[in-house]
Amino acid sequence: MKLSVVIPAAGQGRRMGADKNKQFLLLNGKPILAHTISKFQNCSYINEIIIVAKNQEISYCQKEIVDKYDFDKVKKLIIGGKTRQKSVYNGIKEVSADSNFVLIHDGARPLLTNQIIENIITEVVNYQAVAVGVAVKDTIKIVNQDKYIMDTPKRDNLIAIQTPQCFSKTIILDAYQKAFKENFIGTDSSSLVERLGQRVKVIEGSYENLKITTPEDLQFAERILFRR
Ligand SMILES: Nc1ccn([C@@H]2O[C@H](COP(=O)(O)OP(=O)(O)OP(=O)(O)O)[C@@H](O)[C@H]2O)c(=O)n1
Ligand SMILES: C[C@](O)(CO)[C@H](O)COP(=O)(O)O
């Protein structure tokens, strides 16, 4: 198995409202993105890491993250796009020709565990398309534009999907090509794969695998790291 990791890190961090891209904010003294990359740098099954960053942040990322923390598995820094989907597509197109699996993980999810990485790598060999997720704890409602409740899906069938998500290279490239050709925009990679008719297996994620999105998330993440 040859496995490449693509880390989209080209967002705005609008909801964080910080004076810089949230991925460069410090979590226990180390940038969020460096926490994320280190999880994959230290995993022996991973051959290469591709980081997707904003054009104007590429050199900062190279110097302050990749060089500073000695991430020698980072083989490429690629320019992202306007949407997460475009950023991921730019990254997966750059995966080495000899890689046969691609794992996609948000730069903004620094708290994933080695166990989750190992589990998804084991399972992708069996299923070809795997995403991690957790059972939702709240009751979820479908609302209309005026915010009236239209439906209440059965909670037993609902999963909050996270990253990592891991796929055979052929499947993920087909899925992104088809989505762009048909102007489909999804909020995660697996939704693009589902459109191919390919089944995606969900495995257990973790409630601690937060996507750092708003300022409170940073505080929660600090507490989780302190406890670990
Ligand atoms: N055009 C984009 C948008 C998002 N991302 C990345 O996708 C991940 C998940 O996105 P999100 O948490 O929403 O980050 P932002 O888009 O930066 O946040 P916001 O929506 O608050 O601006 C992040 O690691 C983000 O950097 C990306 O690579 N390219
Ligand atoms: C991919 C993702 O993290 C799965 O939960 C999520 O959909 C990303 O959404 P965002 O709005 O781009 O942060």
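Small disclaimer: the values here were computed from a predicted structure and weren't measured. One-based numbering, in listed order, for ligands and for the atoms of each. Numbers for residues simply follow the sequence, beginning at 1.
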(request) Could you tell me whether the side chain of Lys211 reaches within less than 4.5 Å of the side chain of Asp217, counting heavy atoms only? (result) no
(message) Give me the residue, atom name and distance of the protein heavy atom closest to atom 3 (O) of ligand 2.
(response) Asp106 OD2, 2.6 Å
(message) Quick check on Gly81 - does any of its heavy atoms sit under 4.0 Å from an atom of ligand 1?
(response) yes
(request) Compute both the distance and the angle, then confirm whether Lys169 meets the cation-pi test with Phe167: under 6.0 Å from the six-membered ring centre, within 45 degrees of the axis. (result) no
(request) Mark up the atoms of ligand 1 that fall under 4.0 Å of a heavy atom belonging to Gly107, in ascending order. (result) 24 (O)
(message) Just to be sure I read this right, does ligand 2 sit under 4.0 Å from the backbone of Arg15, its side chain, both, or neither, counting only heavy atoms?
(response) side chain
(message) Would you say that Lys178 contacts Leu196 through its side chain, given a criterion of any heavy-atom pair below 4.5 Å between the two side chains?
(response) yes
(request) Give the residue, atom name and distance (to 0.1 Å) of the protein heavy atom nearest atom 7 (O) of ligand 1. (result) Arg84 CG, 3.5 Å
(request) For atom 9 (C) of ligand 1, state which one of Ile51, Asp106, Leu33 supplies the nearest heavy atom. (result) Asp106
(message) Check this for me, if you would: do Arg84 and Asp106 make a salt bridge, where the nitrogen-to-carboxylate-oxygen distance has to be below 4.0 angstrom?
(response) yes
(request) If you have a sec, work out which protein heavy atom is nearest atom 6 (C) of ligand 2 and how many Å separate them, to one decimal? (result) Thr187 O, 3.6 Å
(request) Using a strict cut-off of less than 4.0 Å between a Lys/Arg side-chain nitrogen and an Asp/Glu carboxylate oxygen, indicate whether Lys76 and Glu48 qualify as a salt bridge. (result) no
(request) Check for a donor-acceptor pair, side chain of Asn42 on one end and backbone N or O of Ser38 on the other, with a separation under 3.5 Å. (result) yes
(message) Among all protein heavy atoms in this structure, tell me which lies nearest to atom 19 (P) of ligand 1, with the distance rounded to 0.1 Å.
(response) Arg14 N, 3.5 Å
(message) Evaluate Glu94 against Lys75 for salt bridge (Lys or Arg N to Asp or Glu O under 4.0 Å), listing each step before the verdict.
(response) CA-CA 10 Å; Glu94 293 291 332; Lys75 303 299 181 200; over 6 Å; no
(request) Could you tell me whether the side chain of Gln41 and the main chain of Asp72 form a donor-acceptor pair under 3.5 Å? (result) yes
(request) Verify, without hydrogens or angle tests, whether His35 (side chain) and Leu27 (backbone) share a donor-acceptor contact under 3.5 angstrom. (result) yes
(message) If you define the side chain from C-beta out and look only at heavy atoms, does anything of Glu204 sit under 4.5 Å from Val132?
(response) no
(message) Checking a contact table here: which protein heavy atom is nearest atom 21 (O) of ligand 1, and how many Å away?
(response) Arg15 N, 2.8 Å
(request) Would you check the N or O atoms of Ala108, main chain and side chain alike, for any that come under 3.5 Å of an N or O of ligand 1? (result) yes
(message) Just so I know, are the side chains of Ile46 and Ile117 near enough to count as touching, which here means a heavy-atom distance under 4.5 Å?
(response) yes
(request) For residues Tyr60 and Phe24, establish whether the separation of their ring centroids is below 6.0 Å. (result) yes
(message) Under 3.5 Å between any N/O of Thr163 and any N/O of ligand 2: does that happen in this structure?
(response) no
(message) Give me the nearest non-hydrogen protein atom to atom 13 (O) of ligand 2 as residue plus atom name, then the distance to 0.1 Å.
(response) Lys211 NZ, 2.6 Å
(request) List every atom of ligand 2 that sits less than 4.0 Å from any heavy atom of Arg109, numbering the atoms from 1 in the order shown and giving each element. (result) 2 (C), 3 (O), 4 (C), 5 (O)
(request) Run the numbers for me: atoms of ligand 1, each under 4.0 Å from some heavy atom of Gln23, listed by number. (result) 23 (C), 24 (O), 26 (O)
(message) Here's one to test your reading of the geometry: is the NZ or CZ of Arg199 within 45 degrees of the ring axis of Tyr127 and under 6.0 Å from its centre?
(response) no
(request) Among all protein heavy atoms, pick out the one at the shortest distance from atom 28 (O) of ligand 1; state its residue, atom name and that distance to 0.1 Å. (result) Ala10 N, 2.8 Å
(message) Suppose we measure from atom 16 (O) of ligand 1 to each protein heavy atom; which comes out shortest, and what is that distance?
(response) Gly11 CA, 3.7 Å
(request) Around atom 4 (C) of ligand 2, find the nearest protein heavy atom and jot down its residue, atom name and distance. (result) Ile161 O, 3.3 Å
(message) So does Ser189 get a backbone contact from the side chain of Ser191, meaning a donor-acceptor N/O pair under 3.5 Å?
(response) no
(message) Tell me whether atom 13 (O) of ligand 1 lies less than 4.0 Å from at least one protein heavy-atom position.
(response) yes
(request) Identify, for atom 17 (O) of ligand 1, the protein heavy atom at the shortest distance, and state residue, atom and that distance. (result) Gly13 N, 2.7 Å
(message) Which residue is it: Val52, Val6, Ile78? I am looking for the one with a side-chain contact (heavy atoms from CB on, under 4.5 Å) to Ile92.
(response) Val6
(message) If the cut-off is 4.0 Å to any non-hydrogen atom of Ser87, which atoms of ligand 1 fall inside it?
(response) 1 (N), 2 (C), 27 (C), 28 (O), 29 (N)
(request) For atom 6 (C) of ligand 1, grab the closest protein heavy atom and report residue, atom and distance to one decimal in Å. (result) Pro8 O, 3.6 Å
(message) Under 4.0 Å from a heavy atom of Asp188: which atoms of ligand 2 are those, numbered in the order shown and with their elements?
(response) 1 (C)
(request) Number the atoms of ligand 1 from 1 as they appear, then name those within less than 4.0 Å of a heavy atom of Lys82, with their elements. (result) 1 (N)
(message) Would Thr83 count as a contact residue for ligand 1, given that I'm defining contact as a non-hydrogen atom of the residue lying under 4.0 Å from a ligand atom?
(response) yes
(request) Answer yes or no for Lys22: is there a heavy-atom contact with ligand 1 below 4.0 Å? (result) yes
(message) Which residue and atom name correspond to the protein heavy atom nearest atom 12 (O) of ligand 2, and how close is it?
(response) Arg84 CD, 3.5 Å
